[in-house]
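Convention: sequence-line order gives letters A, B, ...; per-chain numbering from 1. These numbers were taken from a predicted model, which means no experiment stands behind them.
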Amino acid sequence: MKDELSAIGYRRLPTPRTTRWSPWPIARTALVLAFRRRAAKLAAAVCGFVVFAHALTLAGQVLIGRASERGSFGDDFAFTMLEYVTGQVHGTLSTFLGVQLHTTAILLGVVAGGLIAEDRRTRAFELYFSRPLSTLDYALGKGLVALLLPTVTVFVPFFGLWLLAVGIAPDDLATELWQLLLPGLLGAAICTVLLATTILGASALGDRGRTVGVAYVLALAALGGFADAMAHAGHAWAGYFGPLRDVQTIADALLRGGAPGLLAATLDVRAATNDSAWLSGLALAVMATGGLAALTIQLRRAVRG
Amino acid sequence: MRENLLDLCSLAPLVSLQRVGKRFGGFVALRGIDCEIEGRAIGLLGPNGAGKTTLMRVLLGLLAPDDGVATVLGIDVVRHPEQVRARIGYAMEGPDRIGGLSGLESVAYAGELCGLRRRAAVLRAHEILDLVGLDDARMRPVEEYSTGMHQRVKLAMALVHDPELLLLDEPTSGLDPESREDLLDLIARLRDGVGPAVILSTHLLHDVERTCDHVVIMHEGTVRFCGPKAALQAESGTQFDVRGDGELAGFTQALAQAGATVGPGRHPESVVVTLAAGHDVRTIWWAADVGHLRLFHLEPRALSLEEAFLAAVRSDVDAAGARP
């Protein structure tokens with residue numbers, strides 16, 4: 001058979017062409033790129049460990065409750081002591097939201113810090129906006145990543161933990177937990193939205209992903225430290241500047257607080273709380289709005305520029 | 001159906017600009033541009049700061065003009081910018097990239113953003129990368145690419161969705177001579193085949209001379225010429241290589257009065273006379289008579305693109321015949 005050399009010519013594509021939803025390729029590509037990095041996988045593993053640890057704690061708490069009902073502990077004093085150490089289910093669910101906010105913030109710093117910052121650094125805006133893509137499509141695509149991650153690490157695991165608790169809890173506890181589903185999911189949703197909007201705003205302001213990621217985590221820690229220190233010194237108003245305190249306050253209010261247990265207190269994984277859940281909610285709304293405003297202003301500048 | 005669309009497109013101008021103006025604060029980037037751009041390969045020429053990139057951004061719908069109406073392929077760029085961008089491809093100047101992606105991933109991604117399905121985008125990306133000559137390197141991250149490879153990837157990203165019009169902003173910038181010739185060959189092949197029409201924005205006259213049949217010359221925010229390259233060279237004046245006996249001073253002075261210029265010719269004893277638009281060889285005979293010069297050699301020669309460009313840029317009128 002004789003080899004034939006064909007000229008590589010330009011081929012026209014068939015028409016008509018369907019329009020597809022552009023934000024999804026943007027989100028998918030950003031996620032794939034981010035998770036090629038080892039740091040992202042490590043941060044995701046830490047989030048997974050937090051879920052696992054809380055699942056174990058919840059299971060322990062429920063099983064202790066069941067054992068107490070059967071009289072396994074002999075007297076109430078032993079059960080009360082055990083409950084004091086391990087805490088209550090409500091407290092654990094509420095603590096989960098606060099702790100996972102920390103770890104998800106680190107994950108977002110690694111994965112989503114460069115969502116918009118890297119596009120600015122590599123001048124990718126021109127590549128995006130020379131396509132049939134609106135600013136909204138671009139923002140939605142990046143927003144999907146910022147929303148998806150806390151949804152997977154906070155919202156869905158919260159529901160999973162609640163399901164686990166309800167599934168193995170005795171009837172009276174299960175009835176109580178059913179009433180906490182929607183408030184709990186609301187608390188998880190607030191966490192998710194706060195994290196997504198603030199990381200988007202931070203990424204929109206920065207011009208290097210790594211810098212944005214580090215600055216984001218440090219800023220959350222610094223705000224939290226400032227809020228704790230000032231609140232401890234008697235300036236309760238300063239407590240509302242700490243996002244973690246605000247989230248914990250709302251989570252406790254929605255999930256009816258409950259004792260988190262000596263174990264959680266010893267490990268110091270739980271943030272202190274503010275006095276007013278409404279004010280905490282307002283503070284979080286301001287932070288989220290600030291993030292969205294930064295995103296909107298920077299994207300408009302990028303398109304015009 | 002594609003051929004019918006092409007026929008329709010071939011009837012309408014590629015770009016139509018009606019009194020298009022754009023200001024940035026006190027700075028006027030585009031001043032009342034009025035022209036229609038047609039052809040298969042158009043060179044958008046002008047010095048730095050002429051307004052070429054601003055015009056391209058207006059055509060892409062990224063900047064709304066302050067005055068006038070701009071249409072691309074018959075579509076208003078202000079009302080339907082996304083429809084315009086779906087039908088044009090743009091390769092901008094500079095090392096823009098989406099960090100972390102390989103050449104293949106970048107081109108496939110660009111295809112997806114323009115509406116191709118994932119699988120179709122990947123297959124099309126391979127095809128286009130074969131066309132632009134990026135072989136094994138397509139699997140490597142674009143951060144590792146040379147300037148020439150980068151330009152090929154950007155061209156591929158602009159072509160992947162089969163646009164009807166390709167806008168190239170300084171595509172040969174930073175390339176070595178061999179890579180530059182390869183890229184210009186590719187543009188010429190696109191022009192001669194079934195590829196899209198091309199608008200090549202550059203300040204390098206050689207690139208336009210090599211690949212384009214139409215030119216648009218911009219200077220200080222105005223369009224000084226818009227039309228076929230041959231017409232530019234004819235319109236900008238005619239040149240003659242002249243040799244004669246006698247004093248040149250009177251001859252030169254008479255020509256200057258008629259708006260012509262005199263410069264050194266190829267031959268040591270010859271001069272090149274560039275006549276202004278509207279004058280012909282009789283002006284030279286008249287000037288020779290006035291200046292008492294006996295002519296024994298008079299040979300017409302074609303104006304180079306550079307000379308025509310300089311004449312257009314130095315002219316007092318824009319393409320619409322108005323003084324800018």
Counting a contact as any heavy-atom pair under 4.5 Å apart, which residues of [range] contact chain B?
range: residues 30-53 of chain A; result: A:Leu33, A:Arg36
range: residues 104-123 of chain A; result: A:Arg121, A:Thr122, A:Arg123
range: residues 147-161 of chain A; result: none
range: residues 194-207 of chain A; result: none

Is there side-chain contact between [X] and [Y], with heavy atoms separated by less than 4.5 Å?
X: A:Leu13; Y: B:Leu116; result: yes
X: B:Met92; Y: A:Leu127; result: yes
X: B:Tyr109; Y: B:Glu105; result: no
X: B:Met56; Y: B:Ile199; result: yes
X: B:Arg118; Y: A:Arg28; result: yes
X: A:Cys191; Y: A:Gln100; result: no
X: B:Met218; Y: B:Ile33; result: yes
X: B:Val15; Y: B:Ile42; result: no

Pairs of heavy atoms under 4.5 Å with chain A: top-ranked of B:Leu101, B:Ile128, B:Val84: B:Leu101
Among B:Arg124, B:Met157, B:Gln83, B:Lys154, residue most engaged with chain A (heavy-atom pairs, under 4.5 Å):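 Greatest number of close heavy-atom pairs with chain A: B:Arg124.
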Please report the shortest heavy-atom distance between [X] and [Y], naming the atom on each side.
X: B:Gly148; Y: B:Leu175; result: CA-CD2, 3.2 Å
X: B:Thr211; Y: B:Leu184; result: CG2-O, 3.4 Å
X: B:Thr71; Y: B:Gly74; result: CB-C, 4.2 Å

Ion pair B:Arg138/B:Asp130, N-O distance below 4.0 Å: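 Yes.
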Residues B:Arg23 and B:Asp67 bridged, charged N to O under 4.0 Å: yes
Counting only non-hydrogen atoms closer than 4.5 Å, does [X] touch chain A with its backbone (N, CA, C, O), its side chain (CB onward), both, or neither?
X: B:Tyr90; value: both
X: B:Ala110; value: both
X: B:Leu190; value: side chain

Check: B:Gly100 main-chain N/O paired with B:Glu143 side-chain donor or acceptor under 3.5 Å: yes
Side-chain (B:Lys52) to main-chain (B:Leu44) donor-acceptor, under 3.5 angstrom: no
To the closest 0.5 Å, what do you measure between [atom1] ([X]) and [atom2] ([Y])?
X: B:Asp169; Y: B:Ser201; atom1: CG; atom2: OG; answer: 4.5 Å
X: B:Leu59; Y: B:Ser16; atom1: CG; atom2: OG; answer: 10.5 Å
X: A:Asp137; Y: B:Leu113; atom1: CG; atom2: CG; answer: 9.5 Å
X: B:Leu14; Y: B:Arg40; atom1: CG; atom2: CZ; answer: 9.0 Å

Residue part contacting chain B, namely of A:Ser134, when any heavy atom lies under 4.5 Å: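 A:Ser134 touches chain B through backbone and side-chain heavy atoms alike.
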